[in-house]
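One structure below.
Whatever order the structure lists them in is the order used to number ligands and atoms, beginning at 1. Predicted, not measured: the structure shown is a model, and the values here were computed from it. What's counted below: heavy atoms across the whole structure, side chains too, no hydrogens, waters or symmetry copies.
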Amino acid sequence: MKDFKTILVAVDFSDSSINAFQLALSMARKFSAKLVLLHVINEPVDLRGFYVPHISFEKLEEEIEEGAHKMMDSFCRQNLTDYADHECLIVAGIPYEQIIDQASSKSADLIVLGTHGRTGLDHVLFGSTAEKVVRKSPFPVLTVRLEEES
Ligand code: AMP
């Protein structure tokens, strides 16, 4: 059986992704793997500098980044104090692209995702980020469905 050395789990703090995180953490424990927790700040590329003057956008971005770091710090403190081999990572960009890029730069053997994110929208198969990662990732992807999802 393949030995997982680095597992990347993508977390948008939705119930579905937290459920995926719990599975990723138990797998990391089982394989003594490094667990990389990734949150992507969804960048509103099309809106940048269009509706709002540049200066306001910079302030908004700063606040969003600060909020994301606070959320991630608190999540990691609550859930990972007893698992030292982990890294909590925040980047900005398009979630599915960043998930694949970060999996590549961290040499992840496995990507773990929930089937739905914060919008809870039902796409054709599952959430669009999950769908795109499954379609485009050169690395194995494990999607985890929450029990109460229909
Ligand atoms: P979605 O396609 O948005 O319904 O989300 C499906 C799964 O992709 C979520 O359960 C997360 O595991 C992951 N995901 C979605 N958006 C993000 C994000 N901004 N940062 C990290 N992971 C994400």
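When all heavy atoms are compared, the tightest approach of Asn42 to Pro95 is OD1-CD, 3.4 Å. Considering every non-hydrogen atom in both Ala68 and Ile90, the closest pair reads O-CD1, 3.4 Å.
Less than 4.0 angstrom separates some heavy atom of Ser17 from each of these atoms of ligand 1: 10 (O), 11 (C), 12 (O). Taking a cut-off of under 4.0 Å to the non-hydrogen atoms of Ser128, the atoms of ligand 1 that pass are 2 (O). The atoms of ligand 1 that sit less than 4.0 Å from any heavy atom of Leu38 are 21 (C). With ligand atoms numbered from 1 in the order given, ligand 1 contributes 20 (N), 21 (C), 22 (N) to contacts under 4.0 Å with heavy atoms of Val11.
Between Ala10 and ligand 1, at least one pair of N/O atoms sits closer than 3.5 Å. At under 3.5 Å, a nitrogen or oxygen of Thr129, whether backbone or side chain, sits near a nitrogen or oxygen of ligand 1.
Distance check, rounded to the nearest 0.5 Å: OG of Ser26 to CD1 of Ile7 gives 9.0 Å. Lys34 contributes atom NZ, which lies 5.5 Å from atom NZ of Lys106 (distance to the nearest 0.5 angstrom). Once rounded to the nearest 0.5 Å, the distance linking CD of Glu66 with CD of Glu61 reads 13.5 Å. One distance of note links CG of Leu8 with CG of Leu89; it measures 8.0 Å at 0.5 Å rounding.
Of all the listed residues (Val40, Asp12, Asp15, Leu146), Val40 holds the heavy atom that lies closest to atom 19 (N) of ligand 1.
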